[in-house]
There are 2 protein chains.
Amino acid sequence: MRDGDLDRVRALPLFSGCSSETFRTLTGGAFLQRFPSGTTLLLEGDQVDFLYVLLDGIVELEGTWNDKETTLAVLRPVSTFILAAVVLEADGLMSARTVERSDILMLSGAAIRRVMTEDARFAGAVAAEMAGCYRGLVRTLKNQKLRGGLERLANYLITQRLRQGGEATFALPHEKRMLASLLGMTPENLSRSLAALADYGVEVHGPNVTITRPAVLERLAKPDPLIDNHQPVTEGLTGKAQRERWPLPDKGVRAA
Amino acid sequence: MRDGDLDRVRALPLFSGCSSETFRTLTGGAFLQRFPSGTTLLLEGDQVDFLYVLLDGIVELEGTWNDKETTLAVLRPVSTFILAAVVLEADGLMSARTVERSDILMLSGAAIRRVMTEDARFAGAVAAEMAGCYRGLVRTLKNQKLRGGLERLANYLITQRLRQGGEATFALPHEKRMLASLLGMTPENLSRSLAALADYGVEVHGPNVTITRPAVLERLAKPDPLIDNHQPVTEGLTGKAQRERWPLPDKGVRAA
DNA sequence: CAGCGTGATTGACATAGATCAAGGCAGGCC
DNA sequence: GGCCTGCCTTGATCTATGTCAATCACGCTG
């Protein structure tokens with residue numbers, strides 16, 4: 001493992017507060033592995049023995065029932081995943097699959113649980129991370145239950161634009177079929193919805209999207225801070241918990 | 001506050017592991033309040049200053065967007081709620097409303113955050129509770145995205161029957177309109193779906209439901225342990241985390 | 001360069017679910 | 001008892017979304 005990798009893990013909010021000893025215990029028995037695209041890392045229902053940390057590449061989390069499958073999340077570096085199953089020593093509720101070649105660090109779940117009982121700061125960080133993930137899911141569920149497909153798409157585009165720097169033109173970060181699944185619609189419907197958004201100033205050329213009249217699109221999308229997390233992506237602000245801490249409650253935690 | 005109330009709080013998995021000192025700190029500044037039916041305890045977007053513990057009554061958690069609202073959960077005693085917002089010191093993402101007269105204990109959020117940094121066992125319990133809540137939401141989201149309305153209803157009935165002891169006849173625990181919202185459908189549609197389930201051996205008389213041919217209903221519902229938590233309700237097993245720890249990973253934690 | 005495979009698009013159609021509009025049933029109240 | 005008021009139900013209709021099928025566009029490979 002390269003030194004830089006460990007540093008990047010250390011910088012995660014999940015680990016940045018814990019003691020050096022805790023960190024050494026956790027990473028001592030860990031191993032870094034490179035997986036090709038399309039590898040299933042974990043099948044839903046499997047026992048979970050490791051906390052995974054995505055250092056490079058893309059990972060999709062998906063759920064299945066009755067021969068149907070749906071994308072629950074698409075992760076980019078640096079992200080941890082299946083923390084909940086590790087904490088509870090339970091089976092995973094979703095499958096994890098690499099979407100492209102990925103470097104993944106695997107930390108012993110048993111070690112994590114043990115260390116949590118000894119290092120209050122680490123346990124607190126785990127709690128905060130879980131809370132952030134929880135709130136992300138609450139947003140997702142509200143998005144799913146309260147909005148129609150076109151509205152979900154419109155809001156997705158608005159969010160993407162902000163996350164990618166706010167330019168009028170940006171690229172969709174995944175294949176459209178996966179985006180469709182993430183948004184809870186069929187690829188056919190996503191196609192049609194994208195076409196329908198032409199009326200609202202959205203131009204699509206392959207993976208590139210241009211929002212020509214943001215105000216018009218917003219009038220359709222009605223974005224809401226209680227559903228959409230419009231926090232811009234800042235360097236080194238990768239934890240799910242951090243993304244929920246915005247705007248910050250006036251504590252000067254934000255770098256000045 | 002009656003002594004018994006404190007004991008019931010202490011027995012929650014969230015608190016059962018923490019030190020007496022921690023528990024005293026938390027409950028010292030707490031207060032117990034009785035709210036009439038229909039009281040809004042918390043509006044989505046509000047700052048959250050307290051961790052709420054429902055001791056008696058029923059509380060509904062709901063989300064709103066664009067003049068539509070949806071029920072995200074219905075809580076019964078003894079349950080904690082809005083823990084995630086407390087941990088992250090963030091605004092609540094859902095509203096909380098009493099469905100009937102309820103006794104609710106309110107614990108200072110600041111105290112909880114402080115104590116988490118000192119008592120690793122408590123911080124660990126918070127992490128476990130959040131992980132349980134998270135997994136509950138993953139189940140809900142899969143249920144919502146992968147199943148149709150009729151299937152959601154069928155599975156709901158199967159789960160209810162098990163939770164209420166497994167008898168063929170049981171009562172729906174809420175008003176039907178709320179159940180509809182929880183299941184992500186309109187009241188009209190719930191009515192029709194219940195009628196449609198007659199073909200699968202479901203008889204409905206007001207709030208009472210009888211499942212005459214469980215096997216037939218299951219063939220429609222296709223329940224799945226990765227979506228439906230069929231854990232029977234045991235006395236004193238109230239935490240969201242505990243409900244996710246089932247079947248237990250062979251640790252003898254379960255009472256013999 | 002031709003052929004192939006994958007993903008995206010488009011159209012025609014089927015279905016699930018929402019909406020609108022009437023009733024019906026039960027409990028509470030005067 | 002009669003009359004409300006909610007809640008539930010039922011029917012008719014409309015809309016959104018899924019499904020099936022055909023075609024297209026692209027990149028890759030032989």
Side-chain angles (χ1 to χ4, degrees), chain A residues 37-38 58 60 65-71 74 97 99-100 143-157 171-200 202-209 220-221, chain B residues 37-38 58 60 65-71 74 97 99-100 143-157 171-200 202-209 220-221:
Chain A
S37 179
I58 302 182
E60 174 193 20
W65 180 77
N66 195 30
D67 296 323
K68 286 195 283 274
E69 70 176 56
T70 189
T71 303
V74 182
R97 196 177 58 186
V99 173
E100 47 180 60
N143 191 37
Q144 195 69 36
K145 286 182 78 176
L146 290 167
R147 304 214 263 227
L150 194 63
E151 294 156 339
R152 287 199 296 275
L153 175 59
N155 278 291
Y156 176 85
L157 295 179
L172 296 175
H174 336 288
E175 257 177 3
K176 285 192 183 130
R177 49 139 84 224
M178 196 182 290
L179 175 57
S181 180
L182 189 64
L183 292 175
M185 53 176 99
T186 58
E188 294 95 323
N189 239 315
L190 173 60
S191 246
R192 282 188 263 269
S193 297
L194 278 171
L197 286 182
D199 295 344
Y200 298 87
V202 175
E203 289 170 13
V204 183
H205 297 104
N208 296 313
V209 176
L220 168 69
Chain B
S37 179
I58 302 182
E60 173 193 20
W65 179 76
N66 195 31
D67 296 323
K68 286 194 284 272
E69 69 177 55
T70 189
T71 302
V74 182
R97 198 177 55 184
V99 173
E100 44 180 64
N143 191 37
Q144 194 68 35
K145 287 182 76 175
L146 289 167
R147 303 215 264 228
L150 194 63
E151 294 156 338
R152 288 198 296 274
L153 175 59
N155 278 292
Y156 176 85
L157 295 179
L172 296 174
H174 336 288
E175 259 176 358
K176 289 198 181 121
R177 49 139 83 227
M178 196 183 289
L179 175 57
S181 180
L182 187 65
L183 292 174
M185 51 176 98
T186 58
E188 293 94 324
N189 241 314
L190 173 60
S191 244
R192 282 187 261 269
S193 297
L194 278 172
L197 286 182
D199 295 344
Y200 298 87
V202 176
E203 289 169 13
V204 184
H205 296 104
N208 296 312
V209 176
L220 167 70

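Values in this document were obtained by computation on a predicted structure and should not be read as measured data. Lettering of chains follows the sequences in order, A, B, ..., and the numbering in each one begins at 1.
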Report task. Can you tell me the distance, in whole Å, between the CG atom of A/L190 and the P atom of D/dT19? Result -> 15 Å
**Report entry** Side-chain donor or acceptor of B/S181 paired with backbone N/O of B/T71 under 3.5 Å
**Finding:** yes
Report task. Report yes if some heavy atom in the side chain of B/V99 is under 4.5 Å from a heavy atom in the side chain of B/H174; otherwise report no. Result -> no
Query - Distance, rounded to the nearest Å, where B/E69 contributes CD and C/dA18 contributes C1' - result: 17 Å
Report task. Give the rounded distance in Å between these two atoms: CG of A/L172 and P of C/dT9. Result -> 10 Å
Query raised in the report: OP1, OP2 of C/dA18 versus side-chain N and O of B/T186: anything below 4.0 Å?
Result: yes
Query raised in the report: Sub-3.5 Å donor-acceptor pair from the side chain of A/K68 to the main-chain atoms of B/R147, do we have one?
Result: no
Report task. Rounded to the nearest angstrom, tell me the gap between atom CE in A/M185 and atom C1' in C/dT9. Result -> 15 Å
Query raised in the report: Looking at the side chain of B/E175, which of C/dT10, D/dC7, C/dA18 is the nearest nucleotide?
Result: D/dC7
Requested in this report: Name the nucleic acid region contacted by A/G148, choosing base, sugar-phosphate or nothing; use a 4.0 angstrom heavy-atom cut-off, strictly under.
Outcome: sugar-phosphate
Requested in this report: Indicate whether OP1 or OP2 belonging to D/dG18 is found under 4.0 Å from a side-chain N or O atom of A/N189.
Outcome: yes
Query raised in the report: Should B/K68 be listed as having a side-chain N or O under 4.0 Å from OP1 or OP2 of C/dA18?
Result: no
Query raised in the report: Can you check whether B/G206's main-chain N or O pairs, donor with acceptor, with B/K176's side chain at less than 3.5 Å?
Result: yes
Query raised in the report: Any N or O donor-acceptor pair linking the side chain of A/R192 to the base of D/dT15 at under 3.5 Å?
Result: no
Requested in this report: Could you check which of C/dG7, C/dT10, D/dC8 has an atom nearest any side-chain atom of B/R177?
Outcome: D/dC8
**Report entry** Any N/O donor-acceptor pair, A/E188 side-chain to D/dC20 base, under 3.5 Å
**Finding:** yes
Requested in this report: Find the distance B/L194:CG to D/dT9:P and express it as a whole number of Å.
Outcome: 7 Å
Query raised in the report: Whole-Å distance between D/dA25 P and A/K176 NZ?
Result: 14 Å
Query raised in the report: Once you round it to whole Å, what is the distance between P of C/dC25 and NE2 of B/H205?
Result: 14 Å
Query raised in the report: Rounding to a whole Å, what distance do you find between A/K145:NZ and D/dT17:C1'?
Result: 19 Å
Query - Minimum heavy-atom distance between A/L183 and A/Q144, given as atom pair plus value - result: O-OE1, 3.9 Å
